[in-house]
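We count residues from 1, following the sequence as given.
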Amino acid sequence: MKPELNDKQITDIFPYLKVVPPEEWIQANPYTKHFEAKSRIFQREDAAIYGMFLMSGSARITIIHEDGNESVLNILSAGEVCSLLVLSGLSGQDYPGTLIAESKVEVLYVLKNSFLRWLQVYEPIRSAIFGGLLDGTLRMANMLQERQTLPLEQRLAKTLLRISSDEHPLVRTTHQELADDIGSVREVVSRTLGQFQKRGWLETGRGWVKIINRACLSEAAL
């Protein structure tokens, strides 16, 4: 879908884009796309061509280490732009991560050259993007601190609560993905999920977890 600049959904989520002149919006070749949960929505090849705005849902920013292991660096929420995308674009370096949808998401793409130009020319866009970059950096630091200081059971409970809701208690995720998210290993996560299940907090199967007692899980996350 090719959205118009005055599309209310876009300007409600990203009000700073109102400063882009209509002719520049057209030149940016914008389009939106929907993805299902667990889809790869942005990676190195895309970053060479596009800038990306997350319109709905949430996504994991992951990086792959030299040993082949993958870890979650940060969580991107609706209305945000990936900080790695901004920094890699401005520095001229390759995008080092991958964005994977945690839920159903809608994404707005624009040409990379247009995205970088807007950052440099339009102060409202620059302020909003770099303000979001600062928030994302602080959130990243907080996630790292939690991995180092919070007990694994608490970290796992917090993650399960984040990726589920009262309306959607069943989430499609694997034990390995949860381990990547909280900075642990699959065997330990599997054992802890088994403990949660024995307490009646959740049910788990191959590739899914269903929250049964959200209140008890919330207490464990505190």
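Nearest heavy-atom pair, Ser164 versus Ile211, reported as atom, atom and distance to 0.1 Å: OG-CG1, 3.6 Å. Contact between Ser58 and Ile75 at its shortest, heavy atoms only, is CB-CG2, 4.5 Å. Residue Arg172 comes nearest to Lys38 through the heavy atom pair O-CD, 3.4 Å, listed as atom of the first residue, atom of the second, then distance.
Distance CD/Gln43 to OG1/Thr98: 5.5 Å, rounded to 0.5 Å. Separating the OG1 atom in Thr32 from the CZ atom in Phe53 is a distance of 13.0 Å, to the nearest 0.5 Å. Taking OG1 from Thr137 and CG from Asn74, the interatomic distance works out to 8.0 Å, rounded to the nearest 0.5 Å. Annotation: the span from Leu193 atom CG to Glu153 atom CD amounts to 10.5 Å, rounded to 0.5 Å. Note that the CG atom of Leu202 and the NZ atom of Lys210 stand 11.5 Å from one another [nearest 0.5 Å].
Formation of a donor-acceptor pair under 3.5 Å by the Ser39 side chain with backbone atoms of Phe35 is not found in this model. Put simply, the side chain of Arg40 never gets that close to the backbone of Leu99: no donor and acceptor are under 3.5 Å apart. Put simply, the side chain of Thr159 never gets that close to the backbone of Leu156: no donor and acceptor are under 3.5 Å apart. For Gln154 (side chain) and Ala221 (main-chain N/O), a donor-acceptor pair under 3.5 Å exists by modelled atom type. Within the 3.5 Å criterion, the main-chain N or O of Pro124 finds no donor-acceptor partner in the side chain of Ser127.
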Between Asn29 and Tyr109, is a side chain to side chain contact (heavy atoms under 4.5 Å, CB included) present by the stated rule, with each step listed? CA-CA 8 Å; Asn29 194 27; Tyr109 296 99; over 6 Å; no
Would Ile182 and Leu178 satisfy side chain to side chain contact (heavy atoms under 4.5 Å, CB included), going step by step from the backbone distance to the final call? CA-CA 6 Å; Ile182 66 174; Leu178 290 169; 5.8 Å; no
Please evaluate residues Glu24 and Trp118 with respect to the criterion side-chain hydrogen bond (donor to acceptor under 3.5 Å, both in side chains), reporting the C-alpha separation (whole Å), side-chain torsions for both, the decisive distance (0.1 Å), and the verdict. CA-CA 9 Å; Glu24 288 193 25; Trp118 297 347; 3.3 Å; yes
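The residues Arg60 and Asp180 are annotated as not salt-bridged, no charged nitrogen and carboxylate oxygen being separated by less than 4.0 angstrom.
In terms of hydrophobic clustering, with Ile, Leu, Val, Met, Phe, Trp and Tyr side chains grouped at heavy-atom distances under 4.5 Å, Ile26 and Val110 are assigned to different clusters.
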